[in-house]
Enquirer: 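Quick one: the structure is below, and I'll ask about it shortly.
Along the sequence shown, the residues carry numbers beginning at 1.
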Amino acid sequence: MIIFVYARDKQYGIGKDNDMPWHLPADLKHFKNTTTGQTIVMGRKTFDSMNGPLPNRRNVVLTRNETFSAPNTEVVYAIDEIVKESKEQDIYVIGGTEIFKLFWDECDKQIVTVIDHVFDADTFIPALDKEKWDLVEAIQGTMDEKNRYPHEYRTYVRKK
Ligand SMILES: NC(=O)c1ccc[n+]([C@@H]2O[C@H](COP(=O)([O-])OP(=O)(O)OC[C@H]3O[C@@H](n4cnc5c(N)ncnc54)[C@H](OP(=O)(O)O)[C@@H]3O)[C@@H](O)[C@H]2O)c1
């Protein structure tokens with residue numbers, strides 16, 4: 001199955017200046033717990049925004065640049081192979097927007113952290129159509145001095 005994992009704000013913002021618009025370590029922990037041991041697929045820009053490949057995961061980067069390479073990272077130039085693989089095993093697509101749009105019709109589950117705040121963003125994800133997606137889980141995140149924004153961990157599955 002293709003599974004999306006991302007965090008968005010109240011206005012569906014996900015990024016700013018090729019970085020995250022917010023600091024929310026609890027969500028990073030949630031992301032780590034969700035994706036460790038799994039295959040993660042990302043766009044080249046999202047890969048560039050990170051400090052190299054994420055540990056203890058199979059990192060796959062989508063690019064059109066045939067000279068692109070990075071240590072401990074697989075490179076693909078189209079979604080076909082990944083979609084085929086997803087019939088046998090779960091694949092976690094982790095962004096950004098260009099890559100979510102490419103996989104949108106193939107995705108059957110979205111694990112979304114909804115942050116109840118508006119940030120200055122320049123990259124946005126489309127809203128989920130309630131006619132097509134069921135909310136199957138919603139867990140309120142805990143706020144503390146390091147996690148200052150109200151947030152909720154939601155799981156949506158595509159209706160059959
Ligand atoms: N809030 C979250 O959960 C979250 C998650 C992920 C990312 N983000 C944010 O999202 C932003 C980045 O997203 P983005 O949409 O700008 O970029 P992106 O989706 O990460 O990457 C775009 C790149 O993917 C490659 N690509 C796109 N379409 C392709 C295709 N059809 N075939 C092959 N390669 C293709 C191209 O790489 P080349 O240019 O190398 O060809 C393109 O420049 C950043 O701000 C990041 O921090 C947020």
Enquirer: Are K146 and P25 packed together at the side-chain level, in the sense that at least one heavy-atom pair is separated by less than 4.5 angstrom?
Expert: yes

Enquirer: Does a donor on one side chain and an acceptor on the other come within less than 3.5 Å for Q110 and Y6?
Expert: yes

Enquirer: Is it the case that one hydrophobic cluster holds both L135 and V114, taking links as side-chain heavy atoms less than 4.5 Å apart, direct or via other members?
Expert: yes

Enquirer: Which heavy atom of I14 sits nearest to which heavy atom of M20, and what is that distance?
Expert: O-SD, 4.2 Å

Enquirer: In this structure, would Y92 and V76 fall into the same cluster of hydrophobic residues linked by side-chain contacts under 4.5 Å?
Expert: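 The answer is no; the residues belong to distinct hydrophobic clusters.
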
Enquirer: How close do V60 and I82 get, counting heavy atoms only, and between which atoms?
Expert: CG1-CD1, 4.0 Å

Enquirer: Quick check on the hydrophobic clustering: are I99 and I2 connected, directly or via other members, by side-chain heavy-atom contacts under 4.5 Å?
Expert: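 Yes; I2 is reachable from I99 via cluster members.
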
Enquirer: Looking only at heavy atoms, which two atoms of P71 and T73 are closest? And how far apart?
Expert: O-OG1, 2.8 Å

Enquirer: Is the ring centre of F4 less than 6.0 Å from the ring centre of F103?
Expert: no

Enquirer: Return each pair, listed once, that meets ring pair (Phe, Tyr, Trp, His ring centres under 6.0 Å) where at least one residue sits in residues 57-80; pairs must be two or more places apart or across chains.
Expert: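 Every ring pair (Phe, Tyr, Trp, His ring centres under 6.0 Å) pair that includes a residue of residues 57-80, provided the two are not neighbours, is F47-F68.
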
Enquirer: For the CG atom on N56, are there more than 12 heavy atoms of other groups (residues, nucleotides or ligands in this structure) within a distance under 6.0 Å?
Expert: no

Enquirer: Would you call the rings of W133 and W104 parallel, tilted or perpendicular, taking 30° and 60° as the class edges?
Expert: perpendicular

Enquirer: Looking only at side chains, do T63 and N65 share a donor and an acceptor under 3.5 Å apart?
Expert: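 No, because no side-chain N or O of T63 sits under 3.5 Å from a partner of the opposite role on N65.
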
Enquirer: Please confirm whether the backbone N or O of L54 pairs with a side-chain atom of N59, one donor and one acceptor, at under 3.5 Å?
Expert: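 Checked: pair present.
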
Enquirer: For E85, is there an ion pair with R58 - N to carboxylate O distance below 4.0 angstrom?
Expert: yes

Enquirer: Does any pair with a residue in residues 9-22 pass salt bridge (charged side-chain N to carboxylate O under 4.0 Å, His left out), and if so which ones, sequence neighbours excluded?
Expert: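 Every salt bridge (charged side-chain N to carboxylate O under 4.0 Å, His left out) pair that includes a residue of residues 9-22, provided the two are not neighbours, is K10-D116, K16-D120.
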
Enquirer: Check step by step if side-chain contact (heavy atoms from CB on, under 4.5 Å) holds for V112 and R8.
Expert: CA-CA 7 Å; V112 188; R8 64 142 175 103; 3.9 Å; yes

Enquirer: Give a yes or no answer on whether the side chain of D134 reaches the backbone of V136 with a donor-acceptor pair at less than 3.5 Å.
Expert: no

Enquirer: Going from OH on Y12 to CZ on F124, what distance comes out if it is rounded to the nearest 0.5 angstrom?
Expert: 12.5 Å

Enquirer: Taking atom CG of N72 as the centre, does the number of heavy atoms from other residues, nucleotides or ligands within less than 6.0 Å exceed 12?
Expert: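 For N72, atom CG is not crowded (no more than 12 foreign heavy atoms under 6.0 Å).
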
Enquirer: Between I111 and I3, is there a side-chain heavy-atom distance shorter than 4.5 Å?
Expert: yes

Enquirer: Taking the side chain as everything from C-beta on, heavy atoms only, tell me whether I94 gets closer than 4.5 Å to F31.
Expert: yes

Enquirer: Mind checking the CD-CZ spacing from Q140 to R154? Nearest 0.5 Å is all I need.
Expert: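 Answer rounded to 0.5 Å: 9.0 Å.
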
Enquirer: For the residue pair T34 and Q38, what are the closest heavy atoms and their distance?
Expert: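 In terms of heavy atoms, the two residues are closest at O-CG, 3.9 Å.
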
Enquirer: Under the side-chain contact (heavy atoms from CB on, under 4.5 Å) rule, what do R57 and K32 come out as? Steps first, then yes or no, please.
Expert: CA-CA 10 Å; R57 277 148 279 195; K32 186 178 174 189; 4.1 Å; yes

Enquirer: In terms of hydrophobic clustering (I, L, V, M, F, W, Y; side-chain heavy atoms under 4.5 Å; direct or indirect links), are I125 and L102 co-clustered?
Expert: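 Hydrophobic grouping puts I125 with L102.
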
Enquirer: Does K101 have more than 12 heavy atoms from other residues, nucleotides or ligands lying within 6.0 Å of its NZ?
Expert: no

Enquirer: I'd like to check T155 versus K109 (side-chain heavy atoms, cut-off strictly below 4.5 Å). Are they in contact?
Expert: yes

Enquirer: When you look at D144 and R148, which way does the side-chain contact (heavy atoms from CB on, under 4.5 Å) test go after all the steps?
Expert: CA-CA 6 Å; D144 56 31; R148 289 177 289 116; over 6 Å; no

Enquirer: Please check if the number of heavy atoms outside Q89 that lie under 6.0 Å from its CD is greater than 12.
Expert: yes

Enquirer: For the backbone of Y149 and the side chain of H151, can you confirm whether one donor and one acceptor N or O come within less than 3.5 Å of each other?
Expert: yes

Enquirer: Minimum heavy-atom separation for K45 to N18, with atom names?
Expert: O-ND2, 3.0 Å

Enquirer: I'd like to know whether M42 forms a side-chain contact (heavy atoms from CB on, under 4.5 Å) with M50, so could you lay out the CA-CA distance, the side-chain angles of the two residues, the decisive distance to 0.1 Å, and finally the verdict.
Expert: CA-CA 11 Å; M42 72 206 87; M50 308 183 328; 3.6 Å; yes

Enquirer: Is there side-chain contact between P150 and M143, with heavy atoms separated by less than 4.5 Å?
Expert: yes

Enquirer: Can I40 be reached from V61 by stepping across I, L, V, M, F, W or Y side chains whose heavy atoms are under 4.5 Å apart?
Expert: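 V61 clusters together with I40.
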
Enquirer: For D48, is there an ion pair with R44 - N to carboxylate O distance below 4.0 angstrom?
Expert: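 Looking at D48 together with R44, the answer is yes, because their closest N to O distance falls below 4.0 Å.
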
Enquirer: To the nearest 0.5 Å, what is the distance between CG (L24) and OG1 (T113)?
Expert: 7.5 Å

Enquirer: So for atom CD, which belongs to E152, do other residues, nucleotides or ligands contribute more than 12 heavy atoms lying within a distance under 6.0 Å?
Expert: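 For E152, atom CD is crowded (more than 12 foreign heavy atoms under 6.0 Å).
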
Enquirer: Run through I79, T46, V75 and flag the one making a side-chain contact (heavy atoms from CB on, under 4.5 Å) with L62.
Expert: I79

Enquirer: Got H30 and D27 here, is their nearest side-chain heavy-atom distance under 4.5 Å?
Expert: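 Yes - at least one pair of side-chain heavy atoms lies under 4.5 Å apart.
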
